[in-house]
Protein chains: 2
Amino acid sequence: MSDKDTAAAANGKKTEIRLAAERRILDAAEKVFAERGFGGASMQQIADRAELPKANLHYYFSTKEALYRQVVERILTIWLDAADSLDVTEDPATALASYIDTKMEVSRKHPAGSKVWAAEVMHGAPVIQVYLETTLREWMAGREYIVRRWIDDGLIVPIEPRYLFYMIWATTQHYADFAHQINVLNDGAPMSDDDWLAAKRDVVAVILRGVGVIPPRVE
Amino acid sequence: MSDKDTAAAANGKKTEIRLAAERRILDAAEKVFAERGFGGASMQQIADRAELPKANLHYYFSTKEALYRQVVERILTIWLDAADSLDVTEDPATALASYIDTKMEVSRKHPAGSKVWAAEVMHGAPVIQVYLETTLREWMAGREYIVRRWIDDGLIVPIEPRYLFYMIWATTQHYADFAHQINVLNDGAPMSDDDWLAAKRDVVAVILRGVGVIPPRVE
DNA sequence: GGCAATCTTGACCGAATGGTCAAGTCATAC
DNA sequence: GTATGACTTGACCATTCGGTCAAGATTGCC
């Protein structure tokens with residue numbers, strides 16, 4: 001073994017323990033932040049949820065703010081992946097249906113992350129401000145261009161593109177952020193697989209018909 | 001003056017001072033809770049915002065929880081008024097367009113209240129749980145019945161009514177809860193009157209066309 | 001086995017927070 | 001004018017919270 005290999009191996013081993021602990025803590029923190037908000041969450045609650053002593057959290061994350069920032073940044077990667085799923089090479093119906101499907105799946109699989117994200121934006125985006133001003137702005141500019149071309153080509157009805165995206169974001173994220181209310185209206189039970197299918201179907205149908213393309217038949 | 005009049009007058013005077021102070025505090029609390037969340041808001045911050053000594057807050061509201069509860073209950077009345085604005089005696093296009101308009105105006109005029117409401121639901125509705133289980137459930141049952149009749153009468157396309165309402169709630173409330181993000185994407189400026197008009201127009205258009213009714217011409 | 005680096009953890013600390021209180025001010029009724 | 005009740009407020013208290021630390025356990029490498 002060369003020095004490089006040894007260093008790499010040692011690093012790898014350490015990284016494994018470290019990564020496992022960090023992930024355990026981040027998972028716990030994401031849930032507690034989602035349930036209580038940043039101010040309402042205590043390091044002790046996060047430690048209890050992670051089944052680790054509180055001092056151990058501070059060994060991996062220097063401060064509560066640093067921990068929160070990493071939670072948000074981890075969610076950001078999921079958001080970016082979903083944003084990429086809007087395939088502009090497809091026709092409007094296919095592209096939008098697939099994008100809505102992806103966003104609904106994100107809400108379904110990352111309800112805590114979605115809540116943290118919503119709270120982050122509601123409170124003025126202290127962590128993701130730069131992302132909003134750079135990546136998201138550019139993403140929106142690019143997609144507005146595409147949607148306008150769809151309009152010019154007569155593929156969809158005239159609409160201000162950003163308001164269409166707000167509808168899609170709001171509706172899909174609602175299923176995570178307001179899950180509690182949805183569950184109450186669902187007789188107190190979480191949405192079943194069939195419920196999710198039906199919700200996706202109806203959301204896609206309203207949006208596609210709403211922008212003037214015939215939704216694909218899903219009898 | 002009779003005893004009743006005297007008592008009423010005295011009561012009235014007191015109530016006036018009391019109501020003014022309570023309103024001042026509730027307004028400040030709503031904003032601070034919206035900006036920082038319940039856990040992140042301190043009584044001192046609310047006191048500063050209301051330009052009153054902290055001890056004065058505790059004279060009118062015994063605890064932080066009690067103050068928060070009254071903030072939420074005040075928002076609830078606004079929510080109930082908006083819910084009433086869905087006029088089921090009208091045809092679907094008129095009823096839905098008017099309801100969306102009302103909900104958009106609520107988001108525009110009560111952005112802080114909307115954020116507090118969203119956080120309340122996200123965190124499991126500690127205060128409004130009973131409202132969700134009674135009033136809202138009944139409201140939804142009644143409206144589902146109406147929407148189903150619209151469907152049976154061939155006035156709108158088949159859809160699970162609650163998913164339609166989720167779309168309307170999510171989209172309209174998004175303009176308050178995610179106003180920060182919207183402003184960033186609007187070159188950092190708050191939406192103008194024209195922006196609000198355009199947003200309303202596009203939301204109404206997508207929903208109405210989405211459920212299969214021709215949106216009224218708004219050239 | 002022994003060394004070095006990483007990891008673990010109970011005990012502790014200063015600051016901030018929700019809440020209390022008693023002394024005082026102010027308005028009103030007679 | 002003076003007694004009564006409502007309102008105001010600076011000082012204070014107990015608790016909680018984020019964060020520190022030093023002593024010890026564990027791991028990996030020679």
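Residue numbers start from 1 in every chain, and the chains themselves are labelled A, B, ... in the order their sequence lines are given, proteins ahead of strands.
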Between Q44(A) (CD) and dT15(D) (P), how many Å, whole number? 17 Å
Where the side chain of K64(A) is defined as all heavy atoms beyond and including C-beta, which of dG18(D), dT9(C), dT20(C) is the nearest nucleotide? dG18(D)
Closest to side chain of H58(B), choosing from dG19(D), dG10(D), dG19(C): dG19(C)
Side-chain N or O of R18(A) less than 4.0 angstrom from OP1 or OP2 on dT6(C)? no
Classify A41(B) by what it touches in the nucleic acid, base, sugar-phosphate, or nothing, heavy-atom distance under 4.0 Å. sugar-phosphate
Taking for each residue the nucleotide of DNA chain C with the nearest heavy atom, is it Y59(A) or K54(A) whose nucleotide lies nearer the 5' end? Y59(A)
Ignoring the backbone of M43(A), work out which of dG18(D), dG10(C), dT9(D) is nearest its side chain. dG18(D)
Centroid-centroid distance, W169(A) to Y99(A), less than 6.0 Å: no
Between dG19(C) atom C1' and I46(B) atom CD1, what is the distance in whole Å? 14 Å
Could you state the OH-P distance from Y60(B) to dT9(D), rounded to the nearest angstrom? 10 Å
Starting from the first five and the last five pairs of the helix from dG1(C)-dC30(D) to dC30(C)-dG1(D), work out the angle between the resulting helix axes, to 10 degrees. 10°
Between dA5(C) atom P and I17(A) atom CD1, what is the distance in whole Å? 16 Å
Distance, rounded to the nearest Å, where I25(B) contributes CD1 and dC7(D) contributes C1': 11 Å
Determine whether a donor-acceptor pair (N or O, by modelled atom type, separation under 3.5 Å) exists between the side chain of T134(A) and the backbone of V130(A). yes
Protein-nucleotide distance (E65(B), atom CD; dG18(C), atom P), rounded to Å: 9 Å
Cut-off 3.5 Å, side chains only: do D87(B) and T89(B) have a donor facing an acceptor? yes
First locate atom CZ of R143(A), then atom CH2 of W150(A), and finally report the distance between them rounded to the nearest 0.5 Å. 9.0 Å
Given DNA chain D, 5'-ward residue of the pair N56(B) and T63(A), judged by closest heavy atom: N56(B)
L52(B) CG to dT25(C) C1', in whole Å, measures 16 Å
Quick one: does any side-chain atom of K109(A) pair with a main-chain N or O of M104(A) as donor and acceptor, under 3.5 Å? no
Kindly compute the distance separating CG (L67(A)) from CZ (F33(A)), expressed to the nearest 0.5 Å. 5.0 Å
Counting side-chain heavy atoms from C-beta on, which of dT8(C), dT20(D), dG18(C) comes nearest to A55(A)? dT20(D)
Just checking Q45(B): base, sugar-phosphate only, or nothing, at a heavy-atom cut-off of under 4.0 Å? nothing
Between CG of L57(A) and P of dG10(C) the distance, given in whole Å, is 13 Å
E30(A) and salt bridge (charged side-chain N to carboxylate O under 4.0 Å, His left out): which partner among K115(A), R74(A), R36(A), R49(A)? R74(A)
